[in-house]
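Take a look at the structure below.
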Amino acid sequence: MTMEKDRVLIFDTTLRDGEQAPGASMNKQEKLEIAFALERLGVDIIEAGFPVISKGDFDAVRAVAKHIKESTVCGLARCIKKDIDAANEALKGAKKKRIHVFLATSKIHMQYKLKKPPEEILRMAVDSVKYAKTKVSDIEFSPEDASRSERGFLFKILEEVIKAGAGTVNIPDTVGYSIPAEFGKLIADIKNNVPNINRAIISVHCHDDLGVGVANSLEAVRQGARQVECTVNGIGERAGNASMEEIVMAIKTRSDIYGCTTGIKTQEICRVSRLVSKYTGFVVSPNKAIVGGNAFRHEAGIHQDGILKERSTYEIMRPEDVGFVGTGLVLGKHSGRHAFKDRLKSLGIELKEDEVDRAFDRFKNVADKKKHVFDEDLIALVEDEVKVFQKTWHLVSMSAQSRTNVAPHVEVVLKSKGKEYRKASTGDGIVDACYKAIEGIAKIKGELLDYTIHSVTHGKDALGEVTVKVKMKDKSVIAHGASTDILEASAKAYINAINKVLSQQTGPKY
Ligand code: KIV
Ligand code: ZN
């Protein structure tokens, strides 16, 4: 890969390191949809998975490799032949591909984890890079735990893997131990002490255990790193990885300091952030930089006054530059289908005609009950219409009774293939009763691993969005449902989870 001097490559590892976050696993279709969104975002390299680790990972990397044309697709491998073979096999269909091999180089990892002396580590790294290079021309090497590695050994291994054919050397702060000045110095030292470093791109990969993953990455850019590995919303192992959106917007907003650009179409950032949040079930906290719900909201009177007089008084980035969706009043109950579709389009949501019909029906329904319909409401409403799974079951109606000291009672009517089914149930609580009735109809049992509800906008008439994580038939899935009635939102989320599991059984879409 050739690159201009001032361009920082964005290597996104949401689908690999991001997915290593406890509870973040995604299925193949979800990963593929995220990969498409990352490609549209302008990410240079998408690390799609670790193919040798499981059949699911292998298949996901293969699917991403087959469909993604603009970004380079990368597969991770240890310095083991079978790992490199698996990565190579999974990447076969890719237009642009990279194998990323890694091996730990810190004393603590070599001695206790790998139980191998440094000479053997050096030999394994060089042999693996050479072997991978016989398969794919674009090779990246990572000395895992680089920030805690003995400097002389680190410089030597980098020099040798570059000689062996690595075009990118990635410096991971695997355990998030480094602090910015120190990490920046490490990058400067690598530039000064690895004789052939000009033949490779220096990349960095920072974890956030001390909350400085982004700061470390940015300091590395200042010292000459020209690839940054990061994840959407900063998800990842333990405290996560450096957050893509924060790095990109810092480089853009403070180009006076960094003197670099990225290829990211920043207007797509919030859209990708929402997608990742939706499929991982990880809610983005309101105060999260760039993509948090409050990131562009000004509450204090003095700030609001300043903003009205001159935006730059309190605004260093424009919300529209990151595709931030505000709470502007958009549509009411008299709005037509055309205006509805146009509004969705401007929010970056494109649906097929039948999906628009269903979403429009739901919108009309909500507009009848709710005084103001905001952009955020629209997104929540249509998101479960954007099909990534077949809808076997639909909610037709439900009724519920709940009284103090009496077991709650819920009756649900579901539809499948044109036929309606009815079931009533009691339960420990109203949601439990509702889920028992749904399970009774769909003849499937699930374990509810997580249940969250949040109000999409403000006010008593706000839409409630329920997210459930459910284990069914040995699969764990995340699904959502939105409604002004929170029990209905709960039912929809559970039905969507069942539909998702059933559609995974009947075979993938891609
Ligand atoms: O954190 C780490 O060291 C990694 C490597 C595989 C690059 O994720
Ligand atoms: Zn990592």
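Counting convention: from 1, in listed order, for ligands and their atoms alike. Remember, predicted model here, so these are calculated numbers, not experimental data. Side chains are part of it too, since the values below use all heavy atoms of this structure and drop only hydrogens, waters and symmetry mates.
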Glu144: numbered ligand 1 atoms lying under 4.0 Å from its heavy atoms: 3 (O)

field: Asp145 N/O under 3.5 Å from ligand 1 N/O
entry: no

- prompt: Quick one: do Lys95 and Glu39 make a salt bridge, cutoff under 4.0 Å?
  reply: no

message: For the Zn ion (ligand 2), give me the closest N/O/S atom belonging to Asp17, just the atom name.
response: OD2

query: What orientation do Phe36 and His67 show, parallel under 30°, tilted 30 to 60°, or perpendicular over 60°?
result: perpendicular

query: Charged N to carboxylate O below 4.0 Å: is that the case for Lys288 and Glu246?
result: yes

query: Parallel under 30°, tilted from 30 to 60°, perpendicular over 60°: which one fits the rings of Tyr435 and Tyr494?
result: parallel

- request: Indicate yes or no: does an N/O atom of His207 lie under 3.5 Å from an N/O atom of ligand 1?
  value: yes

query: Touching ligand 1 at all, Glu237? Heavy atoms, strictly under 4.0 Å?
result: no

field: Backbone of Ile269 reached by a side-chain donor or acceptor of Ser273 within 3.5 Å
entry: no

Glu47, His205, Arg78, Gln20: member with heavy atom nearest to atom 2 (C) of ligand 1: His205

Electrostatic pair Asp138-Lys96, nearest N-O below 4.0 angstrom: no

- request: Decide, yes or no, whether a salt bridge links Asp145 with Lys107 under the criterion of side-chain N to carboxylate O below 4.0 Å.
  value: no

- prompt: So is there a nitrogen or oxygen of Thr174 less than 3.5 Å from a nitrogen or oxygen in ligand 1?
  reply: yes

task: Identify, by atom number and element, the atoms of ligand 1 in contact range of Asp17, meaning under 4.0 Å from any of its heavy atoms.
output: 8 (O)

- prompt: Identify the closest protein heavy atom to atom 6 (C) of ligand 1: which residue and atom is it, and at what distance?
  reply: Arg16 NH2, 3.6 Å

